[in-house]
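Written out below as structure tokens is the structure these notes cover.
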Amino acid sequence: MILFFGTRVRTRVLDSQTGRCPYCGQLRTCERVALRSWFHVFWIPIFPIGRGQEAQRCTVCRGEWR
């Protein structure tokens, strides 16, 4: 039997706001996202690993900064 396991980062959108993206340099809508690593078996998340982090993400160029 083959067992697939590993970790994966899952994101959750907390809110959105308008701001200047440092990557594309334009005034865009940016999302505040929560990032958390999860241990998974057969691509099903089982339990979280470590502490969660927050980041900002541009909705157009998908640039992400902490």
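Quick caveat: nothing in here was measured; it's all calculated off a predicted structure.
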For Ala55 and Leu35, the nearest pair of non-hydrogen atoms, with its separation, is CB-CD1, 4.0 Å
Are Val60 and Leu27 connected, step by step, through hydrophobic side chains (Ile, Leu, Val, Met, Phe, Trp, Tyr) whose heavy atoms are closer than 4.5 Å? no
List the residues meeting side-chain hydrogen bond (donor to acceptor under 3.5 Å, both in side chains) with Arg66, not counting sequence neighbours, and say none if there are none. Gln53
Atom CG of residue position Leu3 - does it have more than 12 heavy atoms of other residues, nucleotides or ligands inside 6.0 Å? yes
Below 30° counts as parallel, above 60° as perpendicular, anything between as tilted: where do the rings of Tyr23 and Trp65 land? tilted
Side-chain donor/acceptor pairs under 3.5 Å, residues 7-14, sequence neighbours excluded:
none

Quick one: salt bridge (Lys or Arg N to Asp or Glu O under 4.0 Å) pairs with a partner in residues 13-32, sequence neighbours left out? Asp15-Arg32, Glu31-Arg57, Arg32-Glu54
Answer yes or no: is there a donor N or O on one side and an acceptor on the other, between the side chain of Thr59 and the main chain of Cys30, under 3.5 Å? no
Check whether any side-chain heavy atom of Ile46 sits under 4.5 Å from a side-chain heavy atom of Phe5, and report yes or no. no
Drop me the distance from Trp38's CH2 to Phe47's CZ, to the nearest 0.5 angstrom. 10.0 Å
Between Cys61 and Cys21, which heavy-atom pair has the shortest distance, and what is it? SG-SG, 3.7 Å
Cys58 side chain reached by Cys24 side chain, heavy atoms, under 4.5 Å: yes
